[in-house]
Amino acid sequence: MAPAKPGPSGPAVPAAVAGPQIQLIPASAEGAIDAAEEAVDLLLDSGRAPGDVLVITTGAQHPWAEHELSFGETAYWAQHDAGDDVFYTDAAIASRAGSRPVVVVAVNGGAASADVLSLAHTRAGALLIVCGDPQQINAVLGTGA
């Protein structure tokens, strides 16, 4: 008699599904940066270290990033590499940013494309917060409209 083949000891999919928790904060494109700022403030108030947070915008650059980029790309990315503070970038160059425990995406124009949300998801260690139009975001994430 052939030995019995062991069956799976648990669900076969969890490892592929494992990843950061995802939170959606409804906001208009015009209000997405403000919503992201409120989320960052709450994170910091709850004890998150500023260096734990990466903010990505899909439209216009966040004012902090615009200001810091005025000093040149080298200084801007040096701040990212130092990891001491919240770092703001836009979707066009976010692939250069490293992973952080929390990623906040402000869908403030452009689009919440699958590429942007996928990138944000891979950069988020524990929590991904997306601020924007829930219908647009859910359509991109494939969770319904």
Side-chain angles (χ1 to χ4, degrees), residues 6-145:
S9 58
V13 185
V17 176
Q21 177 186 355
I22 300 173
Q23 287 183 337
L24 175 59
I25 299 175
S28 66
E30 298 78 27
I33 286 182
D34 289 339
E37 283 297 314
E38 289 177 29
V40 169
D41 289 345
L42 287 170
L43 289 164
L44 299 178
D45 290 347
S46 69
R48 272 280 176 200
D52 284 355
V53 182
L54 171 67
V55 179
I56 300 171
T57 56
T58 62
Q61 188 73 266
H62 186 279
W64 179 92
E66 285 180 8
H67 173 76
E68 294 303 320
L69 280 166
S70 72
F71 299 107
E73 291 241 349
T74 301
Y76 173 74
W77 287 107
Q79 288 194 6
H80 168 271
D81 296 341
D84 297 334
D85 206 350
V86 176
F87 189 77
Y88 298 84
T89 190
D90 71 20
I93 58 174
S95 62
R96 187 168 167 187
S99 296
R100 298 231 174 156
V102 180
V103 175
V104 180
V105 178
V107 183
N108 65 322
S113 72
D115 289 345
V116 172
L117 293 180
S118 177
L119 173 71
H121 192 262
T122 63
R123 296 296 188 265
L127 179 61
L128 171 61
I129 300 171
V130 184
C131 305
D133 176 355
Q135 288 186 322
Q136 178 189 14
I137 294 163
N138 286 333
V140 171
L141 293 175
T143 57

### Query
Does S118 offer a backbone N or O that forms a donor-acceptor pair with the side chain of D115 under 3.5 Å?
no

### Check: V107 and D133 side chains under 4.5 Å, non-hydrogen atoms
no

### Reported CZ-to-CG distance for the pair F87 and D52, which is rounded to 0.5 angstrom
15.0 Å

### Minimum heavy-atom distance between R100 and V53, given as atom pair plus value
NH1-O, 3.0 Å

### Query
What's the shortest heavy-atom distance between A36 and V104, and which atoms?
CB-CG1, 3.7 Å

### Query
Is there a side-chain contact (heavy atoms from CB on, under 4.5 Å) between I22 and H121 once you walk through the steps?
CA-CA 9 Å; I22 300 173; H121 192 262; 3.9 Å; yes

### Summary
Shortest non-hydrogen pair, P134 vs P26, comes out as CG-CB, 3.7 Å

### Task
Apply side-chain hydrogen bond (donor to acceptor under 3.5 Å, both in side chains) to H80 and list each qualifying residue two or more places apart in sequence or on a separate chain.
none

### Task
Kindly indicate whether the side chain of L24, heavy atoms from C-beta on, has any atom under 4.5 Å from the side chain of N138.
yes

### Task
List the steps and the verdict of side-chain contact (heavy atoms from CB on, under 4.5 Å) for I129 and L43.
CA-CA 11 Å; I129 300 171; L43 289 164; 4.1 Å; yes

### Task
Answer with yes or no after comparing the ring centroid distance for Y88 and Y76 against a 6.0 Å cut-off, counting only values under it.
no

### Query
So, does N108 use its side chain to make a donor-acceptor pair with the main chain of A29 at under 3.5 Å?
no

### Query
Does some side-chain heavy atom of P101 sit less than 4.5 Å from a side-chain heavy atom of R48?
yes

### Gap separating the OG1 atom of T57 from the CG atom of D90, nearest 0.5 angstrom
5.0 Å

### Message
As an exercise, state the distance from CD of E38 to CD1 of I33, rounded to the nearest 0.5 Å.
### Response
12.5 Å

### Closest non-hydrogen atom pair, S99 against T122
OG-O, 3.7 Å

### Query
Can you tell me how far the CD1 atom of I137 sits from the OG1 atom of T58, to the nearest 0.5 Å?
8.5 Å

### Message
I want to check something: taking the side chain as every heavy atom from C-beta on, are V140 and V116 in contact at a cut-off of under 4.5 Å?
### Response
no

### Query
Considering only heavy atoms from C-beta outward, does the side chain of L127 approach that of Q23 to under 4.5 Å?
yes

### Query
Looking at I25 and A39, what are the two nearest heavy atoms and their distance?
CD1-CB, 3.9 Å

### Query
For the residue pair A27 and C131, what are the closest heavy atoms and their distance?
CB-C, 4.4 Å

### Task
Output the distance between atom CG (D84) and atom CD (Q79), rounded to the nearest 0.5 Å.
9.0 Å

